[in-house]
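As the structure is a prediction and not an experimental result, all values here were calculated from the model. Just follow the structure's listing: the first ligand is 1, and inside any ligand the first atom is 1.
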Amino acid sequence: MNTRRSFVARCTLVAAIAGASLAAQAQTILKAADVHPPGYPTVVAIENLGKKLEAATNGRYKVQMFPGGVLGSEKEMVEQTQVGAIQITRVSLGVIGPVVPDVNVFNMPFVFRSEAHMRKVIDGDIGAEMLDKITNSPARLVALGWMDAGTRSIYTKKPVRKPEDLKGLKVRMMGNPLFVDTMNAMGGNGISMGYGEVFNALQTGVVDGAENNPPSLFTSNHYTTGAKYYTQTHHLMIPEIFAMSKIAWDKMSKDDQALVKKFSREAQLEQRALWDKSVADYTAKLKAAGVEFIEIDNKAFYDATAPVRAKYGAQYADLIKRIDAVK
Ligand code: GTR
């Protein structure tokens, strides 16, 4: 009796240990990358997606976040995601343009009338179609959802109020010829480089300015280099995506993919709420740190970029009509 009981107990124990180690072995780590620091809305939203996925799959999946650009520039992050070395990446649509040209329609200067307009577009049919275009392209990325990055404005070491003031100024743009053309059209000299290189370039005078939204301007510390004149051009409203490597996606069961989709939708909504709060917080912090927000009528910048819209927009004429029609 005793022997039998201890035999059963031993079997149970062995089974439990085997089960536990099986579970441990079966855990798949999904590496997630972001150029932003811990606490940034995009980083927090993906971390929370990961926590939900881990709980819902009893730990079969775990998302490990690599923030702050430690896995490389956004261009490198995209490449690594394509080959499956990174499983989840959150990047600006700016760097997706060279990989999936269709998305460049959202990367055009002043293509959206306002932030509210941009949100309506990405939240609606056009936004869903664009995510599908990325997923169905040969890029080997599964676009999971959108993230907000508000509007981008120019910051320089001397005040800029009109396009002529940008003359002779080298302004860093993201790596996409469309953005270099945009800056050149606005009057400056567009120089493309990765986000992680901008601080040094500003400090050493390789560039005289850059352009971004308030949360990025604050968390990147760019404003501490003397680039403290922040001209409210709002010339770009580039949405961001988070995407999974197709290689990792194809290894997931249909049920697990459905979970990822569900939590992705929630991550998109959560990031937006965090975003609005962070824009308000960082705007206040920038002002307190002495950054001068130069309020302007941006029509001159809009007019100056008309040739860029003409050059790049021709191929998306129908889509642009549909974007304009979103009220
Ligand atoms: C930020 C954006 C990043 C990156 C960066 C940049 O606003 O969130 O994804 O695009 O700008 O300027 O490179």
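- Residue contact check: Ser216 has heavy atoms under 4.0 Å from atoms 1 (C), 7 (O) of ligand 1.
- For the atom pair CG (Leu53) and NZ (Lys262), the distance works out to 11.0 Å, reported to the nearest 0.5 Å.
- By the neighbour-count criterion of 12 heavy atoms within 6.0 Å, atom OH of Tyr302 is sparsely surrounded, having that number or fewer from other residues, nucleotides or ligands.
- Heavy-atom proximity to Asn212, at under 4.0 Å, picks out these atoms of ligand 1: 1 (C), 5 (C), 6 (C), 7 (O), 11 (O), 12 (O).
- Heavy atoms of Ser92 found under 4.0 angstrom from ligand 1 belong to the backbone as well as the side chain.
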Inset, instruction - Take Lys321 and Asp324 through the salt bridge (charged side-chain N to carboxylate O under 4.0 Å, His left out) test and state the conclusion after the steps. - result: CA-CA 5 Å; Lys321 265 189 218 142; Asp324 286 346; over 6 Å; no
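- Here the protein heavy atom with the shortest distance to atom 2 (C) of ligand 1 is Glu240 OE2, 3.0 Å.
- If you chain together hydrophobic residues whose side chains sit under 4.5 Å apart, Met174 and Leu202 never meet in one group.
- Residue contact annotation: Met147 has no non-hydrogen atom under 4.0 Å from ligand 1.
- The salt bridge (Lys or Arg N to Asp or Glu O under 4.0 Å) with Asp148 is formed by just one residue from the set Arg90, Arg119, Lys277; it is Arg119.
- Here the protein heavy atom with the shortest distance to atom 4 (C) of ligand 1 is Glu74 OE2, 3.5 Å.
- When each of Leu49, Leu144, Ile46, Val63 is paired with Phe263, the side chain to side chain contact (heavy atoms under 4.5 Å, CB included) condition holds for Leu49 and for no other.
- Closest to atom 12 (O) of ligand 1 by heavy atom, among Arg90, Arg172, Glu197, is Arg172.
- Checked against a 3.5 angstrom limit, the closest N/O atoms of Tyr40 and ligand 1 fall outside it.
- Only side-chain heavy atoms of Asn213 come within less than 4.0 Å of ligand 1; its backbone N, CA, C and O stay farther off.
- Here is the list of ligand 1 atoms found below 4.0 Å of a heavy atom in Met174: 6 (C), 10 (O), 12 (O), 13 (O).
- Between Tyr155 and Tyr230, the two ring planes are perpendicular [angle over 60°; tilted spans 30° to 60°].
- Ligand 1 has no nitrogen or oxygen under 3.5 angstrom from a nitrogen or oxygen of Tyr195.
- The pair Asp276-Arg272 does not meet the salt-bridge criterion, since no charged nitrogen lies less than 4.0 angstrom from a carboxylate oxygen.
- Remark: distances from the non-hydrogen atoms of Glu211 to ligand 1 are all 4.0 Å or more.
- Within 6.0 Å of NZ in Lys167 there are 12 or fewer heavy atoms belonging to other residues, nucleotides or ligands.
- The His36 neighbourhood of ligand 1 comprises atoms 1 (C), 2 (C), 3 (C), 8 (O), with distances under 4.0 Å to a heavy atom of that residue.
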